[in-house]
Structure formats: C-alpha cells, structure tokens
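Quick note on labels: first sequence line is chain A, next is B, and so on, each numbered from 1.
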Amino acid sequence: MQKPSIPKGTRDFSPEEMAKRNYIFDTIRSVYHLYGFQQIETPAMENLSTLMGKYGEEGDKLLFKILNSGDFIGGLNDAEKTSLSSIQLTNRISEKGLRYDLTVPFARYVVMHRNEIAFPFRRYQIQPVWRADRPQKGRYREFFQCDADIVGSDSLINEVELIQIIDEVFKRFGLRVRIKLNNRKILSGIAEWIGASDRLTDITVAIDKYEKIGADLVNKELLEKGLSEEAVQKLQPVLSLEGSASEKFTQLKNILRTSEVGQKGIDELETIFAHSERLGLSAELELDLRLARGLNYYTGAILEVKALDVEMGSITGGGRYDNLTGVFGMPGVSGVGISFGADRIFDVLNQLDLYPKEALHNTRLLFAPFGEAEAAWCLPLLKQFRQAGVSAEMYPDPAKMKKQMSYADNRAIPYVAIVGTTEMEQGTITVKNMQTGEQETLKPEDLLHRLTQ
RNA sequence: GUGGUUGUAGCUCAGCUGGUUAGAGCGUCGGAUUGUGGUUCCGAAGGUCGCGGGUUCGAGCCCCGUCUCCCACCCCA
C-alpha cells in the first residue's frame, strides 16, 4: 500500500488551525457586514472561456484546467492526436477550469444577474481559489481570498470605504500594517511623460520590484525591455521622490503638468488621501509611486498592504477596474475591490502569535463518568448544560479516570465533572478545575450557574 | 515554466570510507496507581530509509530517473 499524500501546494488543516482560520474569516466577515456588504458564492469551476485572457499571458498558464468527462479523446482523428500543439489539444479536451481569483467570476456573476442586482452592488465573497504556481512560503496552489467589491459606482468614496475596512480589520487583528496606494493613471502619465506610453506594462512590472532589487537592477531591466537610455533617465526623479504624501503630490503635479491622465490620477489620489486623513486611520497610509501590481485589469487606484513586523509578501491587495464586465458584454460598469489574503494573514498571525484566547473556543466542561450507569445519569445533565450555552461533552467509553483526565488535559478542557456512585446517590457533581487542580462537590445547578456567569 | 536544494518512526533529527539485526529525544499506547491529568519510573508498539531503476558479493550511504519540500527567478494572496 502506497503512503497517502496530497497534491503539491495543498494543505490539511487541523482542528487548532481551523479555529485560528475561522477567527480570521469571522473577523473579516463581520467587518464586511458592518459596512453593508452582502455575501455571494460562485462555483469552484468556471467555463474556460470565462477565465482565459483575463489575467494576461502568465495568468493563463497558471489556470488549472479540467479534463472533459467521458471519452475526451474520441472526437480527435489520428492526425490531430499527433499534430496538435499542446495548447490546441487543451482547447479540444478541456472546457472548464478552476477559478483563479474571485474578481473575474464576480464580473461574470454581475453580467448574468444584472437585472436582479440593485446597484451600486456591495458584495463580498470568501472562497478558495487555485493557481498552478510553483509553491513557496506563503504561496500555495489552493488558498482563500476574502474579496469585497463595489460595482456600479464611480465615486472615490468607495475607495475610502475600502481603506476604512482594511484599517478596521487589521486593527481587530492587532497587526501593524502599512497601506500603500498608487494610481494606474499616474503610472500612465509617467509613461507618457518619458515618451514610452506603449510600454506601460513593462514599466509597471519593472518598477514594482524597486523595493526588492533596487534602482540599478530596475533600470537594467527597463533597458533590456527596450526603453531608451533617455527615457530611463527621465524616470529616475519620479521613482526616487521622497517625503510626505503632500510633498510627493506637489512635485508630481509639476512633473506631470502636461499629462491629462496623470493629473486625473493625482486628483483622485488626493481626494482619497484627504478623506482618509479626515476620518483617521490606525494604519500608515503611504503614497508609493513604485507600487504597480500585476493584474492588468486595474485602471485607477491600486493598493497593497504590508505587515510591518514580519517578512511576508503583500497580505491584501486591490484597486479600481473600469471595465471588467465589458468583456462579458456589459460595458460602462466601474468597480473597485479589495482582497484579504487569508492564508498569508494566517501565517503572519501565527508568527506573531496574535490570536486571542477566547477565539480558539473549545469544550469547557467534560463529563467523566465512572461507568455506564453514571454515563446514563449524566446524559440529561449534559443536555441541560448545552441548553444553557455551555460547550460540553462526555467521555463516551467506560474508561479509567486517569485516561479521561489525560483526555481533558490533552484537549485543554478547563473543567471536568466527575460522576461516580457517590455523586449519583447524592445528586451532585464533583468538578475539577484543571488549571488549579482544585476540586469541589456541587449541585448541578450551582455549577451551571457558575459556568454561565 | 527556469535554476538550485531537501527527503530516515507521528514530530525533530543521528547514522563513520558502502559491511551483520537502522538508532535517539519528544509524542503515542500499556503498567507502577481498579476515584483523578500535567511531574517521575518501568515497558511496548511504531521503518518497503520518498518512489522506481542501476552499480556492487553487499546500498540508508554511490549513479540515473521521478515525485515532494524549501529557496531564487517568473508571477502573485
């Protein structure tokens, strides 16, 4: 018999891990509700035609494809079997794929349900997504995203609200973060200004690495991508802008004074900054002109969140996309959204051990009967405690007290109710506090009262 | 997808230049203790040495392939 295993980049979650993960999901969910977002779910698999071409060439490669059911090879003749390229063959034998993110399926959802939706539509969605990426620390092939989007509204107030949500969620986690903001329109303006409008994607991909690899290597990459020496030189003062957001805005306005789109981007960000500063934030809010983000459907504000106290990639991302539903035949709908990376947040909270004790809820009371008669006597009590909201369980087998005690110890159950013939006769329970080791004999209703105070 | 690295008990790891029956700690289970856990003592179970092939009288160790883990790219949560 072969040892069992699970696919590369996937994980099992133990009860303890699930308690922690649910704490994360519950926290995010309750903040979403607080801000008036409604939950939807979409299927794990989508038609490949929905997914392909939405994430760029790289993204298409990372899609998990599902083999057609039945005799998927039957429709091919012998010549096709040998002559088709693997891409052509894929198109013939696979027409479904696992979702790569939640945003594109959401766009598909909005188009299909446009007549039922009241716009502006504030929806959230917490589901797993799959990417055929090579796994690494903080990178899995199956992971959860926690998306919130607002579609059908151009207002920058939506961006401000999403930033408030991010701030509130990380405040509740007790995690210090920096929210980095930029705007694709500013990046367009910069590309225009250095005379390389057509190279926007290459520029954004390169400068996105600035923090990691430094100015020299970014410039080297830009030159390799075919930008002129002059254009790269012209870019330098923009990339190295320092100071507060307002100082950066002042300088940027001057640099991009001839670029209409650039000015628009600056105006948008200034509005978002002004509102956010007025409302107040616990997190740091930073204008980062080197922030670019890969997903090429973003058209306006873009944002990313970094944890301050631990080394980890971005733990939340988002931005505005002006025409995501356009590819599904519904033009003119603007949306803006964020996505919490639950799996990375999980890793970060683990490293810093930031879980509140009460979040890792557990059985509070274990009934430890000496035999079957005692167990039967305990059953109604068990029900009574549960009805009063005390999470309780009973050791079901007639086992030695030592074994029942070590079970309670192992499960970290704080109270054990010991019931033997003496207790049954007297109608009492002997309760042991597992932390202090103290033990006393009480009437069941007194114990119940104590545990529900 | 490219390059590198790793894999021995449930976990963390030893294992000599290739040489008899592959070890330790922790954990698990049983007992010391038939009404009491966390400490202590005694004992036991648990391994096709990731998988497949090769070299050799002989392979955990050498060679090839493959899978996995981790790291750097690519990209991203």
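Across all strands shown, B:A14 forms no Watson-Crick or G-U wobble pair with both key distances under 3.5 Å. Judged by Watson-Crick or G-U wobble contacts below 3.5 Å, the nucleotide B:U21 has no partner. Pair assignment for B:G47: none, as no Watson-Crick or G-U wobble contacts are both less than 3.5 Å. Summarising the base pairing, B:G3 is matched to B:C71 through a Watson-Crick or G-U wobble pair whose two defining distances lie under 3.5 Å.
Contacts of A:Glu423 with the nucleic acid, taken as non-hydrogen atoms under 4.0 Å apart, include base atoms. Base engagement by A:Asp133 is indicated by at least one non-hydrogen atom pair under 4.0 Å involving a base atom. Heavy atoms of A:Gly59 sit nowhere under 4.0 angstrom from any nucleic acid atom. Base engagement by A:Gln435 is indicated by at least one non-hydrogen atom pair under 4.0 Å involving a base atom. At a threshold of 4.0 angstrom between heavy atoms, the contacts of A:Gln439 include nucleobase atoms, whether or not backbone atoms are also involved. Here A:Val416 lies out of heavy-atom contact (under 4.0 Å) with every strand. Within 4.0 Å (heavy atoms only), A:Phe340 reaches no atom of the nucleic acid at all. Here A:Gly9 lies in heavy-atom contact (under 4.0 Å) with sugar-phosphate atoms only.
B:U8 and B:G47 have their P atoms separated by 15 Å, given to the nearest Å. Rounded to whole Å, the separation between the P atoms of B:G60 and B:U20 comes to 10 Å. For the C1' atom pair drawn from B:C73 and B:C11, the interatomic distance equals 32 Å after rounding to whole Å. Spacing between B:G18 and B:A24 at atom C1', rounded to whole Å, works out to 23 Å. Comparing the P positions of B:C26 and B:U40 gives a spacing of 9 Å, expressed to the nearest Å. A distance of about 16 Å separates the P atoms of B:A14 and B:G25, rounded to the whole Å. Taking atom P in both B:A45 and B:G10, the straight-line distance is 15 Å, to the nearest Å. Separating the P atom of B:G15 from that of B:A77 is a span of 43 Å, rounded to the nearest Å.
A:Lys180 places its NZ atom 13 Å from the P atom of B:A77, with the value rounded to the nearest Å. Taking atom OH on A:Tyr298 and atom P on B:C76, their separation rounds to 10 Å, with Å as the unit. Across the protein-nucleic acid pair, A:Phe170 atom CZ and B:A77 atom P stand 13 Å apart, rounded to whole Å. In this structure, the CG atom of A:Leu291 is 11 Å from the P atom of B:A77, given to the nearest Å. Atom NZ in A:Lys306 sits roughly 12 Å away from atom C1' in B:C76 (whole-Å rounding). Look at CD1 on A:Ile338: it is 17 Å from C1' on B:C76, rounded to the nearest Å. Atoms OH (A:Tyr415) and C1' (B:G37) sit 16 Å apart, rounded to a whole Å. The interatomic distance linking A:Tyr140 (OH) with B:C76 (C1') rounds to 14 Å, in whole Å.
Applying the 4.0 Å criterion to OP1 and OP2 of B:C74, one finds that A:Lys61 has every side-chain N and O outside that range. Within the 4.0 Å cut-off from OP1 or OP2 of B:C74, at least one side-chain nitrogen or oxygen of A:Lys209 is found. For A:Lys400, no side-chain nitrogen or oxygen approaches OP1 or OP2 of B:U34 to under 4.0 Å. Close to B:A72, at under 4.0 Å from its OP1 or OP2, lies a side-chain N or O of A:Gln136.
A:Lys402 contributes no side-chain N or O that forms a donor-acceptor pair with the base of B:U36 under 3.5 Å. At a cut-off of 3.5 angstrom, the base of B:C70 holds no donor-acceptor pair with the side chain of A:Arg139. Looking at A:Asp409, its side chain comes within 3.5 Å of the base of B:G37 through a donor and an acceptor atom. With hydrogens and angles ignored, a donor-acceptor pair closer than 3.5 Å exists between the side chain of A:Arg134 and the base of B:G3. Remark: the A:Gln404 side chain and the B:G35 base include no donor-acceptor N/O pair separated by less than 3.5 Å. Under 3.5 Å, the side chain of A:Thr422 and the base of B:G35 form at least one donor-acceptor pair of N or O atoms.
Salt-bridge check for A:Glu168 with A:Arg172: passed, with a basic side-chain N closer than 4.0 Å to an acidic carboxylate O. Ion pair A:Lys65/A:Glu95 not flagged as a salt bridge, since none of the NZ, NE, NH1 or NH2 atoms sits closer than 4.0 Å to an Asp/Glu carboxylate oxygen. Salt-bridge check for A:Arg199 with A:Asp202: passed, with a basic side-chain N closer than 4.0 Å to an acidic carboxylate O. The existence of a salt bridge linking A:Asp133 and A:Arg139 is confirmed by a sub-4.0 Å separation between a basic side-chain nitrogen and an acidic carboxylate oxygen. Between A:Lys180 and A:Glu284, none of the side-chain N atoms (NZ, or NE/NH1/NH2) sits under 4.0 Å from a carboxylate O, so this pair counts as no salt bridge.
Take the nearest nucleotide of RNA chain B for A:Lys8 and for A:Glu142: the residue whose nucleotide is more 5' is A:Lys8. Of the residues near RNA chain B, A:Ser314 and A:Pro135, the one whose nearest nucleotide (by heavy atom distance) lies more toward the 5' end is A:Pro135.
In summary, the aromatic rings of A:Tyr395 and A:Phe367 are positioned with their centroids too far apart to meet the 6.0 Å limit. Under the 6.0 Å cut-off for aromatic ring centres, A:Phe37 and A:Tyr124 do not qualify, their centroids lying 6.0 Å or more apart.
Taking the 5.5 Å centre cut-off and the 30° plane limit, the aromatic side chain of A:Phe143 is classed as stacked on B:A77.
Side-chain contact between A:Thr103 and A:Tyr297 is present, with at least one heavy-atom pair separated by less than 4.5 Å. Put simply, the side chain of A:Phe340 reaches to within 4.5 Å of the side chain of A:Ile345, judged on heavy atoms.
Among the nucleotides B:U28, B:G37, B:C75, the one closest to any side-chain atom of A:Asn410 is B:U28.
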